[in-house]
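What you are looking at is a predicted structure, and each value in this text was computed from that prediction instead of being measured.
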Amino acid sequence: MKRTNSSARWINEHVNDFYVKQAKKEGYRSRAAYKLLEIDQKDRLFKPGMVVVDLGATPGGWSAVAKQKVGAQGQVFALDILPMAPLAGVEFVQGDFNDEAVVEKLTQHVGKVDIVISDIAPNITGIATVDQARAFQLNEQALAFATDVLKPGGTFLVKVFQGSGFEAFLKTMRESFTKVQSRKPKSSRDRSQEVYILGIGFRR
C-alpha cells in the first residue's frame, strides 16, 4: 500500500523527535514517559511505597516511570487488553479494566490503591465526532474504575482530548476529587489536542 503524505510526515516527525531519541537513549519504551515525568515533577504524584495502577499500559512507558518513583517497597500494576513485554518490578494483568473480574482480581490482591494513571487513547477512525465520543467514553470508564479502587485521598491522572464533552468530564471529575487541574506537558506535541486532567484528593 502506498504511503500517504500525512503518514510519511508522521514517520519523519517521529524519527526525528527529541523525546523519541531521548527515550531510546534512556531506555524508556515510549516518548510518553516524559509526559508523566514532567507532570510528576510539577505535582509530586508519587511517593515511595505507593500502590499504582496504570490503565492501558502497553508498551510500558508510564509503568516504568511509576516503578522508578515508588521504589522497591511500592507496587505497580499495569493493565491492558494488549500484551506487554515483562518490565522489572511491574505486575502485568492482560484484560479489559471494565471487566469486573479484572477489578476483583486486583482489589483482592492489593486492596485499595493510591493512584490510577491512564494514557489511553481510542483507535482512531479519522471521523472527529466518532473519535471524540470514543475518547470520552474511555475517560469515563477509566474514572469509574478509579472510583472503584482508589483509597480516600487518592489521585487520578487521565489523558483527555479537548473538544465536545471536555467541560462535562471536568464537572464529573470535580464531583469525585477535591482538586482538579489540567496539565499540558512540553513533551506533548503542540498540534495535539491532548491534555491531562489530574484529580487530587479522592472523596467517596
Side-chain angles (χ1 to χ4, degrees), residues 19-20 22-24 26-41 43-124 134-135 137-151 154-161 183 185 187-188 194-200 202:
Y19 292 102
V20 171
Q22 196 71 6
K24 290 180 179 178
E26 297 187 351
Y28 289 116
R29 294 183 178 182
S30 69
R31 73 185 303 283
Y34 296 98
K35 300 173 188 179
L36 185 58
L37 285 166
E38 283 186 63
I39 296 170
D40 180 63
Q41 185 175 33
D43 295 288
R44 304 298 180 193
L45 305 178
F46 303 106
K47 294 180 177 62
M50 275 186 164
V51 178
V52 182
V53 175
D54 181 8
L55 301 181
T58 302
W62 274 28
S63 292
V65 171
K67 185 57 187 173
Q68 288 176 354
K69 297 294 182 179
V70 302
Q73 300 305 312
Q75 295 177 286
V76 177
F77 294 87
L79 275 62
D80 206 303
I81 59 174
L82 300 174
M84 188 176 90
L87 189 59
V90 174
E91 184 167 335
F92 177 63
V93 178
Q94 187 169 358
D96 187 340
F97 67 83
N98 292 306
D99 186 339
E100 289 183 10
V102 172
V103 178
E104 186 176 351
K105 178 181 178 181
L106 177 72
T107 53
Q108 284 181 349
H109 190 58
V110 295
K112 297 299 184 180
V113 307
D114 297 291
I115 177 168
V116 175
I117 55 179
S118 172
D119 195 35
I120 297 174
N123 292 326
I124 300 300
R134 286 183 175 180
Q137 182 180 30
L138 278 175
N139 295 152
E140 289 163 358
Q141 290 168 343
L143 175 59
F145 174 91
T147 58
D148 275 346
V149 303
L150 279 174
K151 296 176 181 177
T155 299
F156 176 49
L157 177 68
V158 60
K159 176 166 70 180
V160 303
F161 293 92
R183 296 285 181 257
S187 49
S188 178
E194 70 179 16
V195 295
Y196 291 84
I197 302 301
L198 175 63
I200 299 171
F202 173 61

Checklist outcome for this item: Tightest non-hydrogen contact, residues L87 and G60, listed as CD2-O, 3.7 Å
Next on the checklist: Applying salt bridge (charged side-chain N to carboxylate O under 4.0 Å, His left out) as the test, list every pair that has at least one member in residues 63-77; sequence neighbours left out.
Outcome noted: D40-K69
Checklist entry - If you round to the nearest 0.5 Å, how far is NZ of K35 from OG of S30? => result 8.0 Å
Checklist outcome for this item: Distance col, row I115:CD1 vs L198:CG, nearest 0.5 angstrom, shows 7.5 Å
Next on the checklist: On a heavy-atom basis, which atom in L55 and which in A142 lie closest, and how many Å separate them?
Outcome noted: CD1-CB, 3.9 Å
Next on the checklist: Once you measure the plane-to-plane angle for Y34 and Y28, does it fall in the parallel (<30°), tilted (30-60°) or perpendicular (>60°) bin?
Outcome noted: perpendicular
Checklist entry - Donor-acceptor pair, R183 side chain versus I39 backbone, under 3.5 Å? => result no
Checklist entry - Does the side chain of D114 come within less than 4.5 Å of T155's, by heavy atoms? => result no
Next on the checklist: Within the 4.5 Å heavy-atom criterion, are L143 and E140 side-chain neighbours or not?
Outcome noted: no
Next on the checklist: Donor-acceptor pair, distance only, cut-off 3.5 Å: does the side chain of Q94 make one with the backbone of I81?
Outcome noted: yes
Next on the checklist: Quick check on E26: does its CD atom have over 12 non-hydrogen neighbours (other residues, nucleotides or ligands) under 6.0 Å away?
Outcome noted: yes
Checklist outcome for this item: When rounded to the nearest 0.5 Å, the distance separating CD of E91 from CG of D54 is 13.5 Å
Item to check | Intermediate values then yes/no, side chain to side chain contact (heavy atoms under 4.5 Å, CB included), Q141 and L138 | outcome: CA-CA 5 Å; Q141 290 168 343; L138 278 175; 3.7 Å; yes
Item to check | K112 (side chain) donor-acceptor with D148 (main chain) under 3.5 angstrom | outcome: yes
Item to check | Qualifying residue for side-chain contact (heavy atoms from CB on, under 4.5 Å) with V116, from F77, F145, F97 | outcome: F145
Checklist entry - Would you say K105 and H109 make side-chain contact, with heavy atoms under 4.5 Å? => result no
Item to check | Check: N139 side chain, V160 main-chain N or O, donor-acceptor pair, under 3.5 Å | outcome: no
Checklist entry - How about L36 and L157: do any of their side-chain heavy atoms sit closer than 4.5 Å? => result yes
Checklist entry - Is L150 close to V113 at the side-chain level, that is, under 4.5 Å between some pair of heavy atoms? => result yes
Item to check | Which residues share a ring-ring contact (aromatic ring centres under 6.0 Å, His included) with F92, sequence neighbours left out | outcome: none
Item to check | Any donor-acceptor N/O pair, D43 side chain to L45 backbone, under 3.5 Å | outcome: no
Checklist entry - Going from OG on S63 to CG on D119, what distance comes out if it is rounded to the nearest 0.5 angstrom? => result 10.5 Å
Item to check | Under 3.5 Å: donor-acceptor pair, side chain of W62, backbone of A32 | outcome: yes
Item to check | Set of ring-ring contact (aromatic ring centres under 6.0 Å, His included) partners for F156, sequence neighbours left out | outcome: none
Checklist entry - With a 4.5 Å heavy-atom cut-off, do E194 and S188 have their side chains touching? => result yes
Next on the checklist: Looking at every heavy atom in both K159 and I120, which two are closest together, and how far apart are they?
Outcome noted: CE-O, 3.6 Å
Item to check | Main-chain N/O of S187 paired to E38 side chain as donor or acceptor, under 3.5 Å | outcome: yes
Checklist entry - Once you round to the nearest 0.5 Å, how far does CG of D80 lie from OG1 of T58? => result 3.5 Å
